[in-house]
Engineer: 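I have a structure here, written as C-alpha coordinates, and I will follow up with some questions on it.
Below, read A as the first sequence line, B as the second, and so on, with proteins coming before strands; counting in each chain starts at 1.
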2 protein chains.
Amino acid sequence: MVSPGPDMTAADWIEHFPPLAALGQEHRDAVLASAHPVRLPAEMRVFDPGSPCSQFLLVVDGCVRVQMIADTGRELVLYRVRRGETCVLTTSCLFGGEVYPAEGIVETETRAVAIPLARFLALIAASEGFRRFVFAGFGQRLAALLATVQDTVFHNLDGRLARALIARAGGGPVALTHQALAAEIGTAREVVSRHLKQFEKAGLVRLARGRIEIADPDRLALRAARTE
Amino acid sequence: MVSPGPDMTAADWIEHFPPLAALGQEHRDAVLASAHPVRLPAEMRVFDPGSPCSQFLLVVDGCVRVQMIADTGRELVLYRVRRGETCVLTTSCLFGGEVYPAEGIVETETRAVAIPLARFLALIAASEGFRRFVFAGFGQRLAALLATVQDTVFHNLDGRLARALIARAGGGPVALTHQALAAEIGTAREVVSRHLKQFEKAGLVRLARGRIEIADPDRLALRAARTE
DNA sequence: GCCGGGTCCGTGACGCAGTCACCGAAGCGG
DNA sequence: CCGCTTCGGTGACTGCGTCACGGACCCGGC
(Lines give C-alpha, C1' and ligand atoms only; values in the text may rest on other atoms or scores of the structure.)
Protein backbone atom coordinates (compact mmCIF):
# COMPACT_ATOMS: atom_id res chain seq x y z
CA MET A 1 0.00 0.00 0.00
CA VAL A 2 2.83 2.33 0.89
CA SER A 3 6.07 2.54 -1.04
CA PRO A 4 9.14 4.76 -0.77
CA GLY A 5 9.27 7.77 -3.02
CA PRO A 6 11.98 7.56 -5.64
CA ASP A 7 13.52 10.97 -5.41
CA MET A 8 13.95 11.99 -1.77
CA THR A 9 15.52 10.30 1.21
CA ALA A 10 13.98 10.19 4.65
CA ALA A 11 16.64 12.67 5.71
CA ASP A 12 15.59 15.14 3.04
CA TRP A 13 11.99 15.06 4.16
CA ILE A 14 12.63 15.18 7.82
CA GLU A 15 14.91 18.16 7.35
CA HIS A 16 11.96 20.00 5.83
CA PHE A 17 9.50 18.96 8.46
CA PRO A 18 9.59 21.47 11.33
CA PRO A 19 8.27 19.28 14.17
CA LEU A 20 10.92 16.68 13.57
CA ALA A 21 13.62 19.24 12.92
CA ALA A 22 12.98 20.43 16.48
CA LEU A 23 13.58 16.97 17.89
CA GLY A 24 17.26 17.25 18.56
CA GLN A 25 20.05 15.38 16.82
CA GLU A 26 19.88 12.14 18.72
CA HIS A 27 16.21 11.43 18.09
CA ARG A 28 16.33 12.69 14.57
CA ASP A 29 18.97 10.11 13.87
CA ALA A 30 16.73 7.47 15.40
CA VAL A 31 13.87 8.46 13.13
CA LEU A 32 16.18 8.54 10.13
CA ALA A 33 17.24 5.02 10.88
CA SER A 34 13.78 3.52 10.66
CA ALA A 35 11.35 5.90 8.99
CA HIS A 36 10.08 5.23 5.49
CA PRO A 37 9.42 8.17 3.21
CA VAL A 38 6.27 7.49 1.20
CA ARG A 39 4.57 9.18 -1.72
CA LEU A 40 0.81 8.77 -2.02
CA PRO A 41 -0.90 9.56 -5.32
CA ALA A 42 -4.19 11.48 -5.42
CA GLU A 43 -7.34 9.34 -5.11
CA MET A 44 -5.44 6.59 -3.32
CA ARG A 45 -7.18 4.89 -0.42
CA VAL A 46 -4.70 4.98 2.43
CA PHE A 47 -6.83 2.89 4.76
CA ASP A 48 -10.32 1.39 4.93
CA PRO A 49 -12.65 0.64 7.81
CA GLY A 50 -11.27 -2.54 9.34
CA SER A 51 -7.69 -2.07 8.16
CA PRO A 52 -5.10 -2.82 10.81
CA CYS A 53 -2.80 0.03 11.74
CA SER A 54 0.91 -0.60 12.01
CA GLN A 55 2.75 2.67 11.52
CA PHE A 56 2.62 6.28 12.54
CA LEU A 57 2.20 8.78 9.69
CA LEU A 58 3.46 12.35 9.51
CA VAL A 59 2.19 14.29 6.52
CA VAL A 60 4.99 16.39 5.05
CA ASP A 61 3.01 17.80 2.17
CA GLY A 62 -0.39 17.28 0.56
CA CYS A 63 -3.80 16.43 1.97
CA VAL A 64 -5.55 13.27 3.14
CA ARG A 65 -9.32 13.23 3.75
CA VAL A 66 -10.69 10.99 6.51
CA GLN A 67 -14.37 10.04 6.36
CA MET A 68 -16.95 7.61 7.67
CA ILE A 69 -19.17 5.62 5.31
CA ALA A 70 -22.61 4.24 6.06
CA ASP A 71 -23.99 0.99 4.69
CA THR A 72 -26.33 3.07 2.54
CA GLY A 73 -23.40 4.83 0.92
CA ARG A 74 -23.84 8.12 2.71
CA GLU A 75 -20.56 9.65 3.81
CA LEU A 76 -19.34 12.18 6.35
CA VAL A 77 -15.96 13.89 6.19
CA LEU A 78 -14.40 13.87 9.67
CA TYR A 79 -11.26 15.92 9.06
CA ARG A 80 -8.31 16.42 6.76
CA VAL A 81 -4.63 15.83 7.51
CA ARG A 82 -2.33 18.44 6.02
CA ARG A 83 1.31 19.55 6.09
CA GLY A 84 2.82 19.09 9.52
CA GLU A 85 -0.18 17.21 10.89
CA THR A 86 -0.88 13.69 12.02
CA CYS A 87 -4.02 11.57 11.89
CA VAL A 88 -5.78 11.24 15.22
CA LEU A 89 -7.32 7.92 14.22
CA THR A 90 -4.00 6.46 13.24
CA THR A 91 -2.43 7.47 16.53
CA SER A 92 -5.36 6.18 18.48
CA CYS A 93 -5.47 2.85 16.64
CA LEU A 94 -1.75 2.40 17.09
CA PHE A 95 -2.01 2.89 20.84
CA GLY A 96 -5.17 0.89 21.32
CA GLY A 97 -4.34 -1.93 18.92
CA GLU A 98 -7.62 -1.25 17.14
CA VAL A 99 -8.47 -1.37 13.45
CA TYR A 100 -9.40 1.78 11.55
CA PRO A 101 -13.05 2.79 12.02
CA ALA A 102 -13.07 5.05 8.95
CA GLU A 103 -11.39 5.45 5.56
CA GLY A 104 -8.63 7.73 4.37
CA ILE A 105 -8.43 9.11 0.82
CA VAL A 106 -5.59 11.13 -0.63
CA GLU A 107 -7.00 14.38 -2.01
CA THR A 108 -3.84 15.91 -3.44
CA GLU A 109 -0.63 13.99 -3.94
CA THR A 110 0.87 13.56 -0.51
CA ARG A 111 4.34 12.99 0.84
CA ALA A 112 4.60 11.52 4.30
CA VAL A 113 6.99 9.84 6.69
CA ALA A 114 5.95 6.48 8.09
CA ILE A 115 7.37 5.37 11.43
CA PRO A 116 6.90 1.71 12.41
CA LEU A 117 5.09 1.06 15.66
CA ALA A 118 8.10 -0.17 17.62
CA ARG A 119 10.19 2.86 16.67
CA PHE A 120 7.26 5.14 17.36
CA LEU A 121 6.83 3.76 20.86
CA ALA A 122 10.55 4.11 21.47
CA LEU A 123 10.46 7.74 20.40
CA ILE A 124 7.48 8.41 22.63
CA ALA A 125 9.40 6.93 25.51
CA ALA A 126 12.63 8.76 24.81
CA SER A 127 11.75 12.24 23.66
CA GLU A 128 9.66 14.74 25.53
CA GLY A 129 9.60 16.99 22.46
CA PHE A 130 8.19 14.19 20.36
CA ARG A 131 5.58 13.39 23.01
CA ARG A 132 4.53 17.02 23.11
CA PHE A 133 4.25 17.21 19.36
CA VAL A 134 2.21 14.01 19.09
CA PHE A 135 -0.13 14.64 21.98
CA ALA A 136 -0.75 18.32 21.45
CA GLY A 137 -1.73 17.76 17.83
CA PHE A 138 -3.74 14.82 18.98
CA GLY A 139 -5.79 16.78 21.48
CA GLN A 140 -6.41 19.60 19.05
CA ARG A 141 -7.61 17.27 16.30
CA LEU A 142 -9.91 15.39 18.63
CA ALA A 143 -11.49 18.65 19.73
CA ALA A 144 -12.03 19.66 16.11
CA LEU A 145 -13.47 16.24 15.36
CA LEU A 146 -15.99 16.54 18.16
CA ALA A 147 -16.99 20.00 16.98
CA THR A 148 -17.71 18.51 13.56
CA VAL A 149 -19.79 15.79 15.11
CA GLN A 150 -21.75 18.25 17.23
CA ASP A 151 -22.42 20.37 14.16
CA THR A 152 -23.64 17.37 12.18
CA VAL A 153 -25.87 15.99 14.90
CA PHE A 154 -27.43 19.19 16.21
CA HIS A 155 -27.40 21.88 13.55
CA ASN A 156 -29.64 22.32 10.54
CA LEU A 157 -28.54 21.91 6.95
CA ASP A 158 -28.74 25.52 5.89
CA GLY A 159 -25.91 26.64 8.12
CA ARG A 160 -23.84 23.50 7.63
CA LEU A 161 -24.04 23.84 3.87
CA ALA A 162 -23.15 27.53 4.01
CA ARG A 163 -20.12 26.75 6.18
CA ALA A 164 -19.01 23.93 3.89
CA LEU A 165 -19.35 26.25 0.89
CA ILE A 166 -17.20 28.89 2.50
CA ALA A 167 -14.60 26.30 3.47
CA ARG A 168 -14.41 24.79 0.01
CA ALA A 169 -15.20 27.70 -2.32
CA GLY A 170 -14.33 30.69 -0.17
CA GLY A 171 -11.22 31.45 -2.21
CA GLY A 172 -13.01 31.86 -5.52
CA PRO A 173 -14.97 29.67 -7.95
CA VAL A 174 -13.87 26.08 -7.66
CA ALA A 175 -14.56 22.65 -9.15
CA LEU A 176 -16.98 21.07 -6.70
CA THR A 177 -19.90 18.70 -7.20
CA HIS A 178 -23.09 18.52 -5.18
CA GLN A 179 -22.15 14.95 -4.24
CA ALA A 180 -18.85 16.11 -2.75
CA LEU A 181 -20.62 18.76 -0.68
CA ALA A 182 -23.14 16.19 0.49
CA ALA A 183 -20.36 13.91 1.70
CA GLU A 184 -18.72 16.84 3.40
CA ILE A 185 -21.71 17.46 5.66
CA GLY A 186 -23.11 13.94 5.85
CA THR A 187 -26.30 14.24 3.84
CA ALA A 188 -27.65 13.18 0.43
CA ARG A 189 -26.89 14.69 -2.94
CA GLU A 190 -30.52 15.61 -3.73
CA VAL A 191 -30.80 17.54 -0.49
CA VAL A 192 -27.72 19.58 -1.34
CA SER A 193 -29.04 20.24 -4.83
CA ARG A 194 -32.29 21.62 -3.47
CA HIS A 195 -30.60 23.85 -0.92
CA LEU A 196 -28.09 25.12 -3.46
CA LYS A 197 -30.97 26.05 -5.74
CA GLN A 198 -32.44 28.08 -2.90
CA PHE A 199 -29.07 29.75 -2.35
CA GLU A 200 -28.89 30.56 -6.06
CA LYS A 201 -32.39 32.06 -6.08
CA ALA A 202 -31.37 34.19 -3.12
CA GLY A 203 -28.32 35.40 -5.07
CA LEU A 204 -25.80 33.83 -2.69
CA VAL A 205 -24.08 31.54 -5.19
CA ARG A 206 -23.73 30.95 -8.93
CA LEU A 207 -23.98 27.36 -10.12
CA ALA A 208 -22.61 25.56 -13.14
CA ARG A 209 -22.09 21.88 -13.80
CA GLY A 210 -19.28 20.77 -11.52
CA ARG A 211 -18.49 24.32 -10.41
CA ILE A 212 -19.72 26.56 -7.64
CA GLU A 213 -18.99 30.23 -7.18
CA ILE A 214 -19.88 32.32 -4.18
CA ALA A 215 -21.73 35.42 -5.40
CA ASP A 216 -22.38 37.20 -2.09
CA PRO A 217 -19.80 36.20 0.54
CA ASP A 218 -21.17 38.53 3.20
CA ARG A 219 -24.73 37.27 3.12
CA LEU A 220 -23.53 33.69 2.84
CA ALA A 221 -21.41 34.23 5.93
CA LEU A 222 -24.51 35.47 7.72
CA ARG A 223 -26.24 32.18 6.95
CA ALA A 224 -23.18 30.25 8.05
CA ALA A 225 -23.17 32.04 11.39
CA ARG A 226 -26.71 30.98 12.25
CA THR A 227 -26.27 27.68 14.06
CA GLU A 228 -29.74 26.54 14.93
CA MET B 1 -15.07 21.16 42.60
CA VAL B 2 -13.11 18.16 43.70
CA SER B 3 -12.32 17.41 47.31
CA PRO B 4 -10.62 14.52 49.08
CA GLY B 5 -12.83 11.82 50.47
CA PRO B 6 -12.86 11.70 54.24
CA ASP B 7 -12.45 8.02 54.86
CA MET B 8 -9.84 6.57 52.49
CA THR B 9 -6.30 7.54 51.67
CA ALA B 10 -4.86 7.65 48.19
CA ALA B 11 -2.92 4.54 49.10
CA ASP B 12 -6.10 2.66 49.99
CA TRP B 13 -7.65 3.46 46.65
CA ILE B 14 -4.64 2.80 44.56
CA GLU B 15 -4.17 -0.55 46.24
CA HIS B 16 -7.63 -1.51 45.03
CA PHE B 17 -7.17 -0.22 41.53
CA PRO B 18 -5.67 -2.95 39.33
CA PRO B 19 -4.05 -0.81 36.63
CA LEU B 20 -2.09 1.16 39.19
CA ALA B 21 -1.33 -1.90 41.26
CA ALA B 22 0.50 -3.21 38.19
CA LEU B 23 2.70 -0.12 38.00
CA GLY B 24 5.56 -1.35 40.11
CA GLN B 25 6.62 -0.03 43.49
CA GLU B 26 8.61 2.97 42.38
CA HIS B 27 5.92 4.58 40.27
CA ARG B 28 3.18 3.66 42.67
CA ASP B 29 5.01 5.62 45.30
CA ALA B 30 5.23 8.54 42.91
CA VAL B 31 1.48 8.47 42.35
CA LEU B 32 0.86 8.15 46.07
CA ALA B 33 2.89 11.22 46.67
CA SER B 34 0.81 13.50 44.49
CA ALA B 35 -2.55 11.93 43.71
CA HIS B 36 -5.70 13.23 45.31
CA PRO B 37 -8.44 10.77 46.14
CA VAL B 38 -11.80 12.35 45.41
CA ARG B 39 -15.39 11.41 46.08
CA LEU B 40 -18.03 12.69 43.67
CA PRO B 41 -21.70 12.65 44.70
CA ALA B 42 -24.41 11.56 42.29
CA GLU B 43 -25.80 14.30 40.02
CA MET B 44 -22.63 16.35 40.37
CA ARG B 45 -21.36 18.10 37.25
CA VAL B 46 -17.70 17.18 37.03
CA PHE B 47 -17.01 19.46 34.07
CA ASP B 48 -18.90 21.67 31.63
CA PRO B 49 -18.24 22.65 28.03
CA GLY B 50 -15.47 25.27 28.27
CA SER B 51 -14.03 24.10 31.57
CA PRO B 52 -10.25 23.96 31.62
CA CYS B 53 -8.71 20.60 32.33
CA SER B 54 -5.89 20.34 34.83
CA GLN B 55 -5.74 16.80 36.13
CA PHE B 56 -5.95 13.23 35.01
CA LEU B 57 -8.82 11.20 36.47
CA LEU B 58 -8.94 7.47 37.14
CA VAL B 59 -12.35 6.19 38.16
CA VAL B 60 -11.98 3.66 40.98
CA ASP B 61 -15.68 3.02 41.46
CA GLY B 62 -18.96 4.48 40.24
CA CYS B 63 -20.04 5.91 36.90
CA VAL B 64 -19.67 9.27 35.15
CA ARG B 65 -21.76 10.09 32.06
CA VAL B 66 -20.22 12.30 29.37
CA GLN B 67 -22.55 14.07 26.95
CA MET B 68 -22.82 16.88 24.43
CA ILE B 69 -25.52 19.53 24.69
CA ALA B 70 -26.99 21.56 21.85
CA ASP B 71 -28.17 25.15 22.13
CA THR B 72 -31.73 23.85 21.75
CA GLY B 73 -31.30 21.66 24.82
CA ARG B 74 -31.06 18.39 22.96
CA GLU B 75 -28.42 16.08 24.39
CA LEU B 76 -26.38 13.11 23.24
CA VAL B 77 -24.61 10.71 25.58
CA LEU B 78 -21.11 10.04 24.25
CA TYR B 79 -19.91 7.41 26.72
CA ARG B 80 -19.68 6.48 30.37
CA VAL B 81 -16.56 6.15 32.50
CA ARG B 82 -16.67 3.24 34.94
CA ARG B 83 -14.43 1.33 37.35
CA GLY B 84 -10.90 1.08 36.06
CA GLU B 85 -11.50 3.44 33.15
CA THR B 86 -10.36 6.91 32.19
CA CYS B 87 -12.07 9.68 30.28
CA VAL B 88 -10.82 10.08 26.72
CA LEU B 89 -11.81 13.76 26.64
CA THR B 90 -9.91 14.49 29.83
CA THR B 91 -6.78 12.84 28.55
CA SER B 92 -7.08 14.56 25.21
CA CYS B 93 -7.68 17.98 26.75
CA LEU B 94 -4.75 17.53 29.10
CA PHE B 95 -2.40 16.74 26.25
CA GLY B 96 -3.71 19.35 23.87
CA GLY B 97 -4.21 22.14 26.40
CA GLU B 98 -7.83 22.41 25.27
CA VAL B 99 -10.98 23.06 27.25
CA TYR B 100 -13.65 20.42 27.62
CA PRO B 101 -15.99 20.23 24.62
CA ALA B 102 -18.71 18.36 26.54
CA GLU B 103 -20.08 17.93 30.05
CA GLY B 104 -19.61 15.19 32.62
CA ILE B 105 -22.29 14.19 35.11
CA VAL B 106 -21.88 11.73 37.96
CA GLU B 107 -24.53 9.03 37.62
CA THR B 108 -23.80 6.99 40.72
CA GLU B 109 -21.54 8.15 43.51
CA THR B 110 -18.02 7.90 42.21
CA ARG B 111 -14.62 7.53 43.77
CA ALA B 112 -11.66 8.54 41.67
CA VAL B 113 -7.98 9.36 41.85
CA ALA B 114 -6.91 12.72 40.48
CA ILE B 115 -3.35 13.12 39.23
CA PRO B 116 -2.11 16.67 38.57
CA LEU B 117 -0.87 17.39 35.07
CA ALA B 118 2.82 17.67 35.94
CA ARG B 119 2.84 14.37 37.80
CA PHE B 120 0.82 12.75 35.03
CA LEU B 121 3.34 13.83 32.41
CA ALA B 122 6.18 12.58 34.58
CA LEU B 123 4.51 9.20 34.92
CA ILE B 124 3.94 9.00 31.18
CA ALA B 125 7.61 9.71 30.66
CA ALA B 126 8.84 7.25 33.26
CA SER B 127 6.64 4.20 33.13
CA GLU B 128 5.98 2.08 30.08
CA GLY B 129 3.24 0.23 31.97
CA PHE B 130 1.46 3.49 32.70
CA ARG B 131 1.77 4.58 29.09
CA ARG B 132 0.32 1.31 27.92
CA PHE B 133 -2.56 1.58 30.34
CA VAL B 134 -3.38 5.16 29.38
CA PHE B 135 -3.06 4.82 25.64
CA ALA B 136 -4.68 1.43 25.22
CA GLY B 137 -7.76 2.57 27.12
CA PHE B 138 -7.62 5.76 25.18
CA GLY B 139 -7.66 4.08 21.78
CA GLN B 140 -10.45 1.75 22.77
CA ARG B 141 -12.66 4.55 24.07
CA LEU B 142 -12.12 6.68 21.01
CA ALA B 143 -13.13 3.75 18.80
CA ALA B 144 -16.29 3.26 20.85
CA LEU B 145 -17.00 6.97 20.70
CA LEU B 146 -16.76 6.99 16.92
CA ALA B 147 -19.05 3.97 16.72
CA THR B 148 -21.62 5.90 18.75
CA VAL B 149 -21.30 8.86 16.43
CA GLN B 150 -21.68 6.71 13.35
CA ASP B 151 -24.75 5.09 14.82
CA THR B 152 -26.30 8.47 15.62
CA VAL B 153 -25.57 10.04 12.26
CA PHE B 154 -26.39 7.15 9.93
CA HIS B 155 -28.88 4.79 11.56
CA ASN B 156 -32.61 5.14 12.05
CA LEU B 157 -34.32 5.64 15.36
CA ASP B 158 -36.00 2.27 15.66
CA GLY B 159 -32.78 0.34 16.00
CA ARG B 160 -31.04 2.98 18.10
CA LEU B 161 -33.91 3.07 20.55
CA ALA B 162 -34.02 -0.72 20.76
CA ARG B 163 -30.29 -0.84 21.46
CA ALA B 164 -30.53 1.88 24.10
CA LEU B 165 -33.40 0.02 25.76
CA ILE B 166 -31.41 -3.19 25.93
CA ALA B 167 -28.39 -1.35 27.30
CA ARG B 168 -30.39 0.41 30.00
CA ALA B 169 -33.22 -1.99 30.81
CA GLY B 170 -31.78 -5.30 29.65
CA GLY B 171 -31.30 -6.51 33.20
CA GLY B 172 -34.94 -6.21 34.23
CA PRO B 173 -37.48 -3.41 34.75
CA VAL B 174 -35.76 -0.19 35.65
CA ALA B 175 -36.50 3.44 36.52
CA LEU B 176 -36.04 5.27 33.23
CA THR B 177 -37.82 8.27 31.72
CA HIS B 178 -38.49 8.94 28.06
CA GLN B 179 -36.38 12.09 28.38
CA ALA B 180 -33.39 10.08 29.57
CA LEU B 181 -33.71 7.70 26.64
CA ALA B 182 -33.98 10.62 24.24
CA ALA B 183 -30.76 12.12 25.60
CA GLU B 184 -29.10 8.74 25.30
CA ILE B 185 -29.64 8.58 21.54
CA GLY B 186 -29.65 12.29 20.75
CA THR B 187 -33.28 12.90 19.86
CA ALA B 188 -36.37 14.57 21.34
CA ARG B 189 -38.60 13.26 24.10
CA GLU B 190 -41.78 13.24 22.00
CA VAL B 191 -40.11 11.10 19.38
CA VAL B 192 -39.10 8.53 21.97
CA SER B 193 -42.62 8.53 23.43
CA ARG B 194 -44.14 7.76 20.05
CA HIS B 195 -41.70 4.98 19.29
CA LEU B 196 -42.09 3.44 22.72
CA LYS B 197 -45.85 3.39 22.21
CA GLN B 198 -45.27 1.46 18.98
CA PHE B 199 -43.00 -0.95 20.82
CA GLU B 200 -45.66 -1.43 23.49
CA LYS B 201 -48.37 -2.11 20.90
CA ALA B 202 -46.06 -4.69 19.34
CA GLY B 203 -45.65 -6.34 22.76
CA LEU B 204 -41.93 -5.59 23.02
CA VAL B 205 -42.05 -3.50 26.21
CA ARG B 206 -44.32 -2.65 29.12
CA LEU B 207 -44.54 1.02 30.09
CA ALA B 208 -45.36 2.76 33.35
CA ARG B 209 -44.67 6.28 34.50
CA GLY B 210 -40.93 6.51 35.03
CA ARG B 211 -40.39 2.79 34.48
CA ILE B 212 -39.74 0.62 31.45
CA GLU B 213 -39.74 -3.15 31.32
CA ILE B 214 -38.69 -5.28 28.39
CA ALA B 215 -41.46 -7.76 27.67
CA ASP B 216 -39.98 -9.68 24.76
CA PRO B 217 -36.16 -9.52 24.82
CA ASP B 218 -35.70 -11.74 21.76
CA ARG B 219 -37.86 -9.73 19.40
CA LEU B 220 -36.48 -6.48 20.78
CA ALA B 221 -32.98 -7.78 20.07
CA LEU B 222 -34.06 -8.48 16.50
CA ARG B 223 -35.05 -4.85 16.12
CA ALA B 224 -31.79 -3.74 17.67
CA ALA B 225 -29.82 -5.80 15.18
CA ARG B 226 -31.34 -4.06 12.18
CA THR B 227 -29.03 -1.14 11.51
CA GLU B 228 -30.49 0.62 8.49
C1' DG C 1 -19.59 15.70 -37.37
C1' DC C 2 -22.63 12.21 -34.11
C1' DC C 3 -23.15 8.54 -31.19
C1' DG C 4 -22.73 6.19 -26.70
C1' DG C 5 -21.68 5.89 -22.09
C1' DG C 6 -20.59 8.08 -17.88
C1' DT C 7 -21.14 11.73 -14.70
C1' DC C 8 -23.77 15.36 -12.86
C1' DC C 9 -27.92 17.58 -11.76
C1' DG C 10 -33.30 18.41 -11.27
C1' DT C 11 -37.64 16.91 -9.56
C1' DG C 12 -41.81 14.75 -7.56
C1' DA C 13 -43.62 11.66 -4.20
C1' DC C 14 -43.26 9.73 -0.02
C1' DG C 15 -42.03 8.52 4.82
C1' DC C 16 -39.39 9.24 8.96
C1' DA C 17 -37.82 12.47 12.34
C1' DG C 18 -37.69 16.95 14.91
C1' DT C 19 -40.34 20.99 16.65
C1' DC C 20 -44.01 23.55 18.76
C1' DA C 21 -47.89 24.14 21.49
C1' DC C 22 -50.66 22.33 24.58
C1' DC C 23 -52.85 19.18 27.70
C1' DG C 24 -53.70 15.57 31.02
C1' DA C 25 -52.00 12.24 34.45
C1' DA C 26 -49.17 10.77 38.19
C1' DG C 27 -46.51 11.61 42.14
C1' DC C 28 -45.18 14.46 46.19
C1' DG C 29 -45.04 17.83 49.85
C1' DG C 30 -47.52 20.63 52.67
C1' DC D 1 -57.06 17.73 49.89
C1' DC D 2 -54.58 21.08 47.15
C1' DG D 3 -51.04 22.88 44.39
C1' DC D 4 -46.72 22.14 42.21
C1' DT D 5 -43.66 19.56 39.57
C1' DT D 6 -42.45 16.01 36.65
C1' DC D 7 -43.68 12.92 33.19
C1' DG D 8 -46.04 11.41 29.22
C1' DG D 9 -49.56 11.87 25.04
C1' DT D 10 -51.09 14.18 20.92
C1' DG D 11 -51.88 16.93 16.65
C1' DA D 12 -50.06 19.93 13.23
C1' DC D 13 -46.38 21.28 10.80
C1' DT D 14 -41.68 21.51 8.88
C1' DG D 15 -37.31 19.63 7.55
C1' DC D 16 -34.66 16.09 5.83
C1' DG D 17 -33.57 11.46 3.66
C1' DT D 18 -34.92 8.11 0.18
C1' DC D 19 -36.49 6.35 -4.14
C1' DA D 20 -37.24 6.53 -8.86
C1' DC D 21 -36.62 8.60 -12.87
C1' DG D 22 -35.20 11.66 -16.56
C1' DG D 23 -32.69 15.20 -18.75
C1' DA D 24 -28.27 17.75 -19.43
C1' DC D 25 -23.59 17.90 -20.11
C1' DC D 26 -18.92 15.97 -21.16
C1' DC D 27 -15.67 13.28 -23.55
C1' DG D 28 -14.19 9.59 -25.95
C1' DG D 29 -14.32 6.73 -30.36
C1' DC D 30 -15.87 6.26 -35.02
Engineer: May I have the step-by-step check of side chain to side chain contact (heavy atoms under 4.5 Å, CB included) for Arg132(A) and Phe95(B), ending in yes or no?
Structural biologist: CA-CA 8 Å; Arg132(A) 265 222 270 271; Phe95(B) 281 133; over 6 Å; no
Engineer: Measure from CD1 on Ile212(B) to P on dC7(D) and round the result to the nearest Å.
Structural biologist: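 Roughly 12 Å, once rounded to whole Å.
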Engineer: Does any part of the side chain of Asp158(A), heavy atoms only, come nearer than 4.5 Å to the side chain of Phe199(A), both counted from C-beta?
Structural biologist: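 Phe199(A) vs Asp158(A): side chains touch.
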Engineer: Rounded to whole Å, please give me the gap between CZ in Arg209(A) and P in dG23(D).
Structural biologist: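 Value for this atom pair: 15 Å.
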Engineer: Whole Å only: how far is the NZ atom of Lys197(B) from the P atom of dG8(D)?
Structural biologist: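 Answer to the nearest Å: 11 Å.
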Engineer: Do you know the tightest heavy-atom contact between Val59(B) and Gly62(B)?
Structural biologist: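 What the structure gives for the nearest pair is CG1-O, 4.2 Å.
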Engineer: Do the charged groups of Glu184(B) and Arg80(B) touch, with an N to O distance under 4.0 Å?
Structural biologist: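 Yes, Glu184(B) and Arg80(B) are salt-bridged.
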Engineer: Could you give the CZ-to-C1' distance, from Arg194(B) to dG8(D), as a whole number of Å?
Structural biologist: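 Going from Arg194(B) (CZ) to dG8(D) (C1'), I get 12 Å.
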Engineer: Rounded off to whole Å, could you give me the NE2-to-C1' distance for the His178(B) and dT6(D) pair?
Structural biologist: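 His178(B) atom NE2 is separated from dT6(D) atom C1' by 13 Å.
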Engineer: Using the side chain to side chain contact (heavy atoms under 4.5 Å, CB included) rule, pick out the option among Leu142(B), Leu145(B), Leu146(B) that qualifies with Ser92(A).
Structural biologist: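 Answer after filtering Leu142(B), Leu145(B), Leu146(B): Leu142(B).
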Engineer: dG8(D) P sits how many Å from Glu200(B) CD, rounded?
Structural biologist: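 Interatomic distance, CD of Glu200(B) to P of dG8(D): 12 Å.
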Engineer: Name the first nucleotide and the last nucleotide along DNA chain C (5' to 3') that come under 4.0 Å of a heavy atom in chain B.
Structural biologist: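 The contact span of chain B on DNA chain C goes from dA17(C) to dA26(C).
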Engineer: In whole angstroms, how far is the C1' atom of dG17(D) from the CG atom of Leu157(A)?
Structural biologist: 10 Å
Engineer: Can you give me the dot-bracket string for DNA chain C, 5' to 3', counting Watson-Crick and G-U wobble pairs with both distances under 3.5 Å, using [ ] for crossing pairs and | for partners on another strand?
Structural biologist: ||||||||||||||||||||||||||||||
Engineer: Which of residues 181-191 of chain A sit near DNA chain D, with a heavy atom under 4.0 Å from it?
Structural biologist: Thr187(A), Glu190(A), Val191(A)
Engineer: Specify whether Phe120(A) and Phe56(A) have parallel, tilted or perpendicular ring planes, treating 30° as the upper limit for parallel and 60° as the lower limit for perpendicular.
Structural biologist: parallel
Engineer: Could you state the atom-to-atom distance from CG of Leu207(A) to P of dA24(D) in whole Å?
Structural biologist: 17 Å
